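Bear in mind the structure is a predicted one, so any value in this text is a computation, not a measurement. A, B, ... follow the sequence lines: proteins, then strands. Residue 1 opens every chain.
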Amino acid sequence: MARAILDFEKPIFELEAKLEEMRKVSDNLDIGNEIIKIEKKVKQLKEELYKGLSRWQRVQLARHPDRPYTLDYINLMTENFVELHGDRSYKDDKAMVGGLAQLDNYKVMIIGQQKGRDTKSNLYRNFGMSNPEGYRKALRLMKLAEKFNRPVITMLDTPGAFPGIEAEERGQAEAIARNLFEMSKLRVPIIIVIIGEGASGGALGIGLGDRILMLENCWYSVISPESCSSILWRSWEYKEQAAEALKLTAPDLLQQGIIDRIVPEPLGGAHKDHKLAADNLKQVLIEELDKLVKIKPDKLFEGRIEKFGKMGVYQE
Amino acid sequence: MPWFKRSKQNISPDSQKKDLPDGMWEKCPSCNEIIHKKQLEANLWTCLKCDYHFRIGSGEYIGILLDAGTFKEMDKKMRSADPLDFEDTKKYTKRIAETIKKLGLFDAVRTGTGKINGTEIAFACMDFQFIGGSMGSVVGEKIARVIDKAYKEKIPLVIISASGGARMMEGAFSLMQLAKTSSRLARLAEAKIPYISVMTDPTTGGTTASYAMLGDVHIAEPKALIGFAGPRVIRQAVGKDLPPGFQRSEFLLDQGFVDIISHRKDLKSTISKVINLLS
């Protein structure tokens, strides 16, 4: 796997590299004890580092270029995935993927925002930024799931809905609003998982459901720290402060009552071990599905109205 | 999701305001016509020469649209609780307190019931002056409750939008107001109660991406800016100039997202006509 190293991870990578060197020469020298000591130290250092991450550092992890994306999770968690394409009205949005799959004992519809890993695939995926047809494709797949009584799982990972001329011409706002309206009423369970970046309305456009899960190193808010900085501080330089002010990490959102559950990631982030990250998520999804499929379809709508009705803080 | 707008006027020295007696006169931002305030008010804050629609607040719309003396306000004093203890260049609590003091409004929307040509309706009107008409917990909750009022009383709902989008200072709470209001509208729609969405200048961001775009009938004032992303953001993203008239009411009607463009003078009769035909 290609290695992109974030600034704050450097000390650990340096130590690990040294350790590797020592292991190579350890056959000739008696430094086994020394190695074990350093290994312990590295592990301890890692645990401390990742426990004490700032909000901005979490944002960086959420954007890590080696992080698993929607299709990675689908491939690692499910069997018999059949990808479906198009909104049946305009075109197939490559920044929004989805299809039918077998997750353990459940036949489900999985939909998610898809980023690319290099320049070429990022252009193909429009950097994970959907146009209106992406939201309409997602809705079409959800309606299909409803028709055949399949639970829906959506994965949020986008820097935002695409702010383009054509996106506005085709009704970006209407597409997102329509999804919120229709997802409220959908007569099958919906589980939302934030797997990377949850940027504002673009993410929320597939984000209304019965349970909201969030991977440990993600962010979800009304605006990205950079844009918030540029508007409120009139400069791009205050992104760290903006990230702190927005309280946009998984622990923050759990405390705010906006998400229901944090899904643990491998030490150092989901990109360190895609398989383990996917296994963790799969296990949580199955637990949640076991509970949700018992709810009568008639109760889902009222449950969602109540769930989102509680979100907000005001004085009377 | 920008909630402020940098006005392009007044940049060149020639366009500076001329010396005029204090507060008596207004200049039309579109055609530069100087209009006496009394005259402007009598003309429902539209330019006598070019029909430019000045931005007005909930107080004015209540006077224009509802039968005199029929407005009964709900949740009047609901105000923000600063859930994130938010601070940018200024503390959010301070920003709120100052805005309340300056405008005499408690947040960016007023809600209640009233009559429109004798028909009882549930009514909400946003105030762009209040932190860019931004939607935080208070706006979301008040809109949700006025939707519920329409649902329980089985009366039509009219919402007048004027907003830059969701309010940054309440982070994810603001974002969730899109979901809160949309799910309530879904329930209202199931009960087959009419909802008329009126979009005024400007209606953008999270407000457009939730209740403003979910009406049974969409009415817009002429030349109002309506969209998801703001024009500045789009220009940056695509790196080219935007076509003339882009994201204006007439453009939205052509694209199929607005049903009717109504001059402010006809707004009351238009809404009333639609409601009567639906109920």
Side-chain angles (χ1 to χ4, degrees), chain A residues 160-165 167-185 198 200-201 203-205 207-208 220-223 227-229 231-234 238 241-242 245-248 252-253 256 258-259 301-302 304-305 307-316, chain B residues 1-4 75 77-84 86-89 136-138 140-141 144 166-180 182-187 189-190 204-206 208-214 227-229 233-234 237-238 242-243 246-247 255-257:
Chain A
F162 186 58
I165 292 176
E168 295 289 322
E169 285 174 352
R170 295 197 289 274
Q172 190 71 284
E174 194 274 343
I176 293 170
R178 184 65 47 203
N179 277 16
L180 297 176
F181 185 92
E182 294 293 339
M183 289 176 89
S184 315
K185 301 191 288 182
S200 198
L204 183 68
L208 195 156
Y220 191 23
S221 191
V222 72
I223 192 164
S227 302
C228 181
S229 160
I231 295 171
L232 291 183
W233 281 267
R234 311 275 160 107
Y238 295 86
Q241 282 98 316
L246 286 167
K247 301 199 168 61
L248 40 56
D252 290 328
L253 291 168
Q256 292 161 22
I258 285 170
I259 59 164
F301 187 14
E302 284 302 320
R304 288 173 199 145
I305 287 176
K307 178 180 182 62
F308 288 91
K310 279 188 203 149
M311 295 179 191
V313 182
Y314 43 83
Q315 313 170 35
E316 291 192 81
Chain B
M1 227 166 268
W3 48 264
F4 75 94
D75 308 307
K77 294 196 171 164
M78 191 191 290
R79 53 183 287 176
S80 170
D82 188 20
L84 303 186
F86 193 94
E87 185 170 359
D88 49 87
T89 51
S137 301
V138 174
E141 183 62 21
R167 188 174 294 169
M168 278 176 281
M169 299 81 159
E170 293 182 29
F173 284 112
S174 297
L175 184 62
M176 293 307 133
Q177 305 311 310
L178 279 70
K180 180 194 277 188
S182 301
S183 61
R184 300 294 178 87
L185 283 174
R187 181 162 65 182
E190 296 279 287
T204 60
T208 323
S210 58
Y211 52 86
M213 274 292 160
L214 292 173
F228 179 62
V233 174
I234 299 172
V238 301
L242 306 176
F246 180 64
Q247 293 186 309
Q255 295 295 331
F257 295 101

Parallel, tilted or perpendicular: which describes the rings of B:Phe86 and A:Trp233, with under 30° parallel and over 60° perpendicular? tilted
Turns out that what part of B:Glu87 lies under 4.5 Å from chain A's heavy atoms comes down to backbone
Could you tell me which portion of B:Ala179 (side chain, backbone, both or neither) has an atom closer than 4.5 angstrom to a non-hydrogen atom of chain A? both
Name the region of A:Arg170, side chain, backbone, both or neither, that has any atom closer than 4.5 Å to a heavy atom of chain B. backbone
Heavy-atom pair count under 4.5 Å with chain B, highest-scoring of A:Lys247, A:Met183, A:Glu182, A:Lys307: A:Lys247
Side chains of B:Gln247 and A:Glu168: is there a donor and an acceptor less than 3.5 Å apart? yes
Whether B:Ser137 side chain and A:Gly312 backbone form a donor-acceptor pair below 3.5 Å: no
Is there a donor-acceptor contact under 3.5 Å linking the side chains of B:Ser80 and B:Glu170? yes
Go through the atoms of A:Gln241 and report whether side chain, backbone, both or neither lie under 4.5 Å from a heavy atom of chain B. neither
Given side-chain contact (heavy atoms from CB on, under 4.5 Å), test B:Ile234 with B:Phe246 step by step and report yes or no. CA-CA 11 Å; B:Ile234 299 172; B:Phe246 180 64; 3.8 Å; yes
Atom group of A:Phe301 that falls short of 4.5 Å from chain B, counting heavy atoms: side chain
Looking only at heavy atoms, the pair that brings B:Gly171 and A:Val222 closest together is O-CB, 3.3 Å
Among A:Leu180, A:Asn179, A:Leu208, which has the most heavy-atom pairs under 4.5 Å with chain B? A:Leu180
Bottom line for A:Leu253: the part with an atom under 4.5 Å from chain B's heavy atoms is side chain
Can you tell which part of A:Glu302 gets under 4.5 Å to a heavy atom of chain B, answering side chain, backbone, both or neither? side chain
Contact part of B:Asp75 toward chain A, heavy-atom cut-off under 4.5 Å: side chain, backbone, both or neither? side chain
Counting N and O atoms only, with roles assigned by atom type, does the side chain of B:Ser210 sit under 3.5 Å from a partner on the main chain of B:Gly206, one being a donor and the other an acceptor? yes
Taking NZ, NE, NH1 and NH2 as the nitrogens, is one of them in B:Arg79 or A:Glu316 under 4.0 Å from a carboxylate oxygen of the other? no
Where does A:Ile258 contact chain B at under 4.5 Å (heavy atoms): side chain, backbone, both or neither? side chain
Okay, A:Leu246 and chain B: the region with an atom under 4.5 Å from a heavy atom over there is both
For chain A, which candidate among B:Lys77, B:Glu190, B:Arg187 shows the most heavy-atom pairs at distances under 4.5 Å? B:Arg187
Distance from B:Glu141 atom CD to B:Arg184 atom CZ, nearest 0.5 Å? 6.5 Å
